[in-house]
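Protein chains get the first letters and strands the later ones, always in sequence-line order, with residue 1 at the start of each. Remember, it's a predicted structure, so these values are computed and weren't measured experimentally.
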Amino acid sequence: MTTQIAKGSQGRPADGDDAGPTSTGSTTTRVLGILTLLGFGMLFALAFFITPADANQGDAVRIIYVHVPSATFAYTGCFLTTLGSAIYLWKKSQWWELVAYAGAEIAALFTAVTLVTGMLWGRPTWGVYWVWDARLTSTAMLMLLLLGYLAVRRLPADYSVRAKRAAIVGLLLFPNVIIVRQSVTWWRTLHQTATIGLHTKMNGLMLFSLFFGFVVVGVFFTWLLIHRFRVAWLEEQVLDQGLDAAIAERRAEGSAATSGGASGAGPVVPPNLATGEASP
Amino acid sequence: MIHDALLVAAKDLRLELRSRVAINQVLPFALLVLVLFAFALDPDRGLLEKATPGLYWVAVLFSGLLALQRSFAVESADGNRDALRLSGLDPAGIFLGKVLAVSVQLLVLEALLLAGVAVLYSTHLGGWPLLVSTVVVATAGIAAAGTLYGVVAAGLRVRETLLPLLLLPVLAPVLIGSTRAFEAALAGTPSEGWPWVGLMGVFAVLYVVAGVLGFGPLMEES
Amino acid sequence: MSGSWPYVIAAWIIVIGAFLTYAVVTILRGRSLSKQVPPERRRWS
């Protein structure tokens, strides 16, 4: 864990001086990466050794410190996707389109982690891996909605086709999440099934651990978002280069003249990217 | 816009009347689904009757998906998409027209399926005001969301597999709502069903608005 | 409730494993893609 990332961060500055960076790392991400590693170590210690078992949930509460923050940032990523898609459709900003894509993929990762940890929490607590609780069901639906967005975004088609169609799906992602959540909540409550929440009495140290979990997962989320954004940017650049250079250049001229070249058809670097940090 | 919508809807329905794909293929498929449910669940234990609302709406969703695929297959052939774009019709009108045409087909399908469950599952139908409102609102929601996601998937090689993945999770609230409302209607407790009709109404309005606003940009692309 | 320890450990292994795998894959993809893109289009450090 430590070696993989640390090795990478040491390798970068030397060969990145003249020719630009040879990876998606930068000073910001290196700092965030180190904070993530330290934070996860600390969170692990807090969750396993420092905090006590819960009166109701027993040791299963130790999953909560990473489960709840993952869920929160899954929704954050999902929100970023809708925000990015909306701004892309409005301003035709490729920067925001890539934020939307990066946000969705990371949200899918976090949702998967949330579901798995939730099931592993549920087994010792409820006796089963899955109950048709409103929260679980709507998280599963969130996963499916995200997979739909990613399927559209990864279509083998022109950037403008992929991006525009994905942006429509992305724009509706968050409203869908809200309406699905609402319907699922009603569905369960009308049947008088007790919603099984995270009823627990957390003492000060446990609350601090949970809060610390939010911070660590948040830093990790930001780190991932920046890297994933840059990878997405590079992917589009590589795809562009596949086109004949002359045609690409013409297109760039043409689109620069008409629409400001935001469709990403040519080597027009969006101004933000020159200094570009993906600061959400 | 309304004029354009009626024009497109009339075109689609005329096409449907002539080709009879919905009647000859989608409707038999829907009935087939009803029969398959009887095979899957033991018909002698009253399970079918108890599960009628759910089975009915699942059958509607699956056969509605076929009708939607059909509605866009019609457009993708022979560069119709370009022709439609060049026709100078208001994109919002095109969207509403397609929604209207799909809705009409779905309503016919739903009426026949309702007769189907009444006969095959010996379900006693009742609570008509709620039943009819549910059908109307759910149909509007399915048609509006289906048309919007249909055009997202249209013209792609993967459209047959992409549309269900996009659409079915989105339609989850409609499936939940319509099933609960049907249950309430059949159980004679309509007051429990009306909130669901409201939720589906919000859903339908959301998708009609999104479609009216989003159809223009989607049609523009090359 | 000492019986919940296996689940706790499994959950943490999965979390760390998933996060780490995704992070490493993202970094490696970024490196291999960087080589294919001229430097003037990837200035962010």
- Task: Please name the pair of heavy atoms, one in B:W196 and one in A:W186, separated by the smallest distance, quoted to 0.1 Å.
- Result: CH2-CB, 3.3 Å

- Query: What residue in B:A210, B:P195, B:A145 has the most heavy-atom pairs under 4.5 Å with chain A?
  - Reply: B:P195

- salt bridge (charged side-chain N to carboxylate O under 4.0 Å, His left out) involving A:E97 - partner list, sequence neighbours excluded: A:R153

- Are there residues of residues 168-176 of chain B that reach to under 4.5 Å of chain A by heavy atoms, and which ones? B:P169, B:V170, B:A172, B:P173, B:I176

- Message: Is it the case that atom CH2 in A:W90 sees more than 12 heavy atoms from other parts of the structure closer than 6.0 Å?
- Response: no

- Report the option among B:L206, B:L167, B:L199 that has the most heavy-atom pairs separated by less than 4.5 Å from atoms of chain A. B:L199

- A:F79, CZ atom: more than 12 neighbouring heavy atoms under 6.0 Å: no

- Between A:V180, A:I179, A:L147, which residue shows the highest count of heavy-atom pairs closer than 4.5 Å to chain B? A:I179

- Message: Quick check: under 4.5 Å, non-hydrogen atoms only, which of residues 167-178 of chain A neighbour chain B?
- Response: A:I168, A:V169, A:L172, A:P175, A:N176

- Who pairs with B:D12 by salt bridge (charged side-chain N to carboxylate O under 4.0 Å, His left out), at least two apart in sequence or on another chain? B:K98

- Task: Step through the shown structure and confirm whether more than 12 heavy atoms of other residues, nucleotides or ligands are within 6.0 Å of CZ on B:F62.
- Result: no

- Message: What's the separation between atom CG in A:L144 and atom CG in B:L166, rounded to the nearest 0.5 Å?
- Response: 11.5 Å

